[in-house]
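Note on naming: letters A, B, ... go to the chains in the order of the sequence lines (proteins, then strands), and numbering restarts at 1 for each one.
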2 protein chains.
Amino acid sequence: MTLQTIADLTGVSVSTVSRVLNKVDNAASPETAHRIEAAAERLGYVPNAQAAALRTGASKVVGLIVADIANPFFATIATTLEQSLLERGYGLLVANTGNNTDLERRYVTTMAQNRVETLVVAPTSNDPRHLDEARRLGIRILLIDSRVDGVEVDCVLVDDETSIRKAVDHLTSLGHRQIGYISGHQRILSDLDRLRGYTRGLAAAGIEGDSELVIRSDFTELGGFRAAARLMALAEPPTAIVASNNFMATGVLRYARANGICIPEALSLVSFDDLDWYDLVTPRITALTQPIEAIGKLVSDLVSNTDDTAPGVPYVLPTSLTLRDSTAPPRHPTSSDKEA
Amino acid sequence: MTLQTIADLTGVSVSTVSRVLNKVDNAASPETAHRIEAAAERLGYVPNAQAAALRTGASKVVGLIVADIANPFFATIATTLEQSLLERGYGLLVANTGNNTDLERRYVTTMAQNRVETLVVAPTSNDPRHLDEARRLGIRILLIDSRVDGVEVDCVLVDDETSIRKAVDHLTSLGHRQIGYISGHQRILSDLDRLRGYTRGLAAAGIEGDSELVIRSDFTELGGFRAAARLMALAEPPTAIVASNNFMATGVLRYARANGICIPEALSLVSFDDLDWYDLVTPRITALTQPIEAIGKLVSDLVSNTDDTAPGVPYVLPTSLTLRDSTAPPRHPTSSDKEA
DNA sequence: TTGTATGCGTTATCAC
DNA sequence: GTGATAACGCATACAA
């Protein structure tokens, strides 16, 4: 089932068939064009994309590497991207790293082997090497969720530091002074930016940072659960916790539930990154909401526009603090922290 | 950056380079092999998968077509599959149909053009044509979530009818007699099987079916919301609702919240397909839990085993009814339905 | 309007 | 042990 088959059947040459099927202008006389199309249709001819890719140098495939496609944040981007890709006849190759840098490297290789035209990646570290290697092959890289030092490509981000700042400001203005913070593995710039937002937020409120209140976790629900456990076991446990992603915040919620800790009475909670069901639980969870549709749209547009002029621009989008019910003033306003 | 480049650089032929890099036995003398490998490493050579695919006829890519990759059910399958694929150096091409049959057709075509070796698809209809077309190209089809009439391939399913039966039996044994049912678009066999489970469940309890209590919806949260609205607006509204998927059940929950309907006091709810957070809301939602890890594992294994001997086997896995708090006896046990 | 020829990067078969 | 050589299916520059 190749062009040759059709050519033989219609008594023309492969080139003519190719031109007709590719809708080249004046590819053939109306009659022959018709004959060819009819034959292709009847035989159920499906062009071989690999062969075309080899010939043209355009694979018509885009790659997407994220931590976890099950995270609604990434799933939305994937879906949006893929829809816009379909219109152009592109395929989407996806890979989950689970925040594993080694896996990321291997997947970048797979993507490179498949000669994806553009590779959208949510990096798991600040290491530029494997990305640079892919770029050297002519693969266009598009970063999401975090920048990578030294990789000068377009990237779509949110203002991580400012976002967390908003959360911390909110808590301090509520009267909290013992604020716990759960970060991911701080290999990633965005996670460090978020952490900086926390530190500066405390400083702005005249609160001295306490390293015990900052837990380095791993972006997973279980990690959040454990971090909450460590935090609440402290001599002076926090009256509020900020988690640097949704899964870890969920872990905190689960820990609170399991241990009879009332939110927000005994513990306030803010999540970076919202979740659909955060307004269905009791209490509804306050979260930093990312403009996820806008991000998906932007990514799609950037992927479609092969406008390789600019040297790489960071698109920084704002988040909004969606106030719900998981934050409240601390039980013992500001001074009597010692009694814990 | 091709085999030729390396060949030139090391002063051997492309064939030798190819053999060495493919780790063919006795490909070359130890020294030359070493030279070649070193050169490849130094140049950052990445093989062109398209070219290899064209030559060998094996694309090393698997396709996955599902309704919505954001659905944890599908996301888990995707993740599991992809991990097992990575080990074999395969890529995963994904597509979301949003339950749109037309999109499904187009995506099957895209997958076919890319000559995926295996195509895993959660069908959106009972139409076998596009699938047969792909099979004719030598693409192996693997069905998940639902069978398709006339497509005799391996498929991984759960026992839909029995599952819903369990839910309905549970409700009738609680004393419910007005049980609403929200189905998806009944184009899909699995959805029809579930509906049959409902019908037979009622019959087994000696309850006469009421067509008004069955709403044909669309598998979305909004659809579930609207279906709940229609159901509760009935002259004799149901005292319990069974939704044939998780999103629609969530829609029902949302409707109940928005309208002050207490679950389970005023309305019992059971969802087909569980969700991580169903045990975090109040009330915790009773659901039919699919053996999702087992399904993912099975799919991965089937995809890996290119054992094309059997003519196509349905693997039917059992679900379990996870009893939580969203079901309770109806307020007015069995008789006083009329007062609504 | 149509056909011929060439090459994309690989792999595989055969010689040497 | 190594190297020509052909072929995979397609697109295109060029010739007719």
Side-chain angles (χ1 to χ4, degrees), chain A residues 1-37 39-40 43-61 89 109-110 112-117 136-139, chain B residues 1-37 39-40 43-61 89 91 112-117 137-139:
Chain A
M1 256 302 68
T2 72
L3 289 182
Q4 189 62 251
T5 323
I6 300 179
D8 292 348
L9 231 78
T10 53
V12 295
S13 72
V14 267
S15 30
T16 303
V17 178
S18 172
R19 270 172 293 173
V20 168
L21 261 30
N22 282 337
K23 305 195 191 308
V24 174
D25 281 346
N26 298 338
S29 71
E31 314 85 83
T32 41
H34 226 75
R35 277 219 325 283
I36 292 170
E37 277 160 1
L43 295 179
Y45 170 73
V46 178
N48 184 323
Q50 337 255 19
L54 185 57
R55 174 64 229 245
T56 63
S59 65
K60 302 203 83 176
V61 175
T109 303
T110 302
Q113 288 177 179
N114 282 89
R115 297 294 192 267
V116 296
E117 295 179 26
R136 238 174 285 126
L137 282 165
I139 294 176
Chain B
M1 256 300 66
T2 71
L3 289 181
Q4 189 63 251
T5 322
I6 300 178
D8 293 345
L9 229 79
T10 54
V12 296
S13 72
V14 269
S15 8
T16 304
V17 178
S18 172
R19 267 172 297 176
V20 169
L21 262 28
N22 282 338
K23 307 194 189 310
V24 173
D25 281 346
N26 298 338
S29 72
E31 314 86 83
T32 41
H34 228 75
R35 279 220 321 284
I36 290 171
E37 277 160 0
L43 295 179
Y45 169 74
V46 178
N48 184 323
Q50 337 255 21
L54 183 58
R55 178 61 231 240
T56 63
S59 64
K60 302 201 85 175
V61 175
Q113 289 177 177
N114 282 90
R115 298 294 192 268
V116 296
E117 295 179 27
L137 282 165
I139 294 176

**OP:** Using the heavy-atom set of chain A and a strict 4.0 Å cut-off, write down the first and last nucleotide of DNA chain D that makes it in, 5' to 3'.
**Re:**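 It runs D:dG9 to D:dT12.
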Rounded distance (Å) that lies between atom [atom2] of [N] and atom [atom1] of [X]:
X: B:Asn48; N: C:dC8; atom1: CG; atom2: P; result: 12 Å
X: A:Arg35; N: C:dT1; atom1: CZ; atom2: C1'; result: 13 Å
X: B:Gln50; N: C:dC8; atom1: CD; atom2: P; result: 15 Å
X: B:Gln4; N: C:dG7; atom1: CD; atom2: P; result: 13 Å

Original post:
Heavy atoms, side chains only, cut-off 4.5 Å: are A:Asn48 and A:Thr2 in contact?
Top reply: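 With C-beta onward as the side chain, the pair stays apart.
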Original post:
Are B:Met1 and B:Val46 side-chain neighbours, meaning at least one heavy-atom pair lies under 4.5 Å?
Top reply: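 No, every pair of side-chain atoms sits at 4.5 Å or beyond.
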Subject >> Pairing residues for B:Ser15 by the side-chain hydrogen bond (donor to acceptor under 3.5 Å, both in side chains) criterion, not counting sequence neighbours >> reply: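 Partners of B:Ser15 under the side-chain hydrogen bond (donor to acceptor under 3.5 Å, both in side chains) test: B:Ser13.
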Original post:
For residues 13-32 of chain A, which residues have at least one heavy atom under 4.0 Å from DNA chain D?
Top reply: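 Result for residues 13-32 of chain A: A:Ser15, A:Ser18, A:Asn22, sorted by number.
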How far does [atom1] of [X] sit from [atom2] of [Y], to the nearest 0.5 angstrom?
X: B:Glu37; Y: B:Thr10; atom1: CD; atom2: OG1; result: 11.5 Å
X: A:Arg19; Y: A:Asp25; atom1: CZ; atom2: CG; result: 12.0 Å
X: A:Leu21; Y: A:Tyr45; atom1: CG; atom2: OH; result: 6.0 Å

Original post:
Under 4.0 angstrom, heavy atoms only, what part of the nucleic acid is B:Leu3 near: base, sugar-phosphate, or nothing?
Top reply: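 Result for B:Leu3 = base.
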Subject >> CA sep, side-chain torsions, deciding dist, call: A:Thr32, A:Thr16, side-chain contact (heavy atoms from CB on, under 4.5 Å) >> reply: CA-CA 9 Å; A:Thr32 41; A:Thr16 303; 5.5 Å; no
Subject >> Derivation of the side-chain contact (heavy atoms from CB on, under 4.5 Å) call for B:Ile139 and B:Glu117 >> reply: CA-CA 5 Å; B:Ile139 294 176; B:Glu117 295 179 27; over 6 Å; no
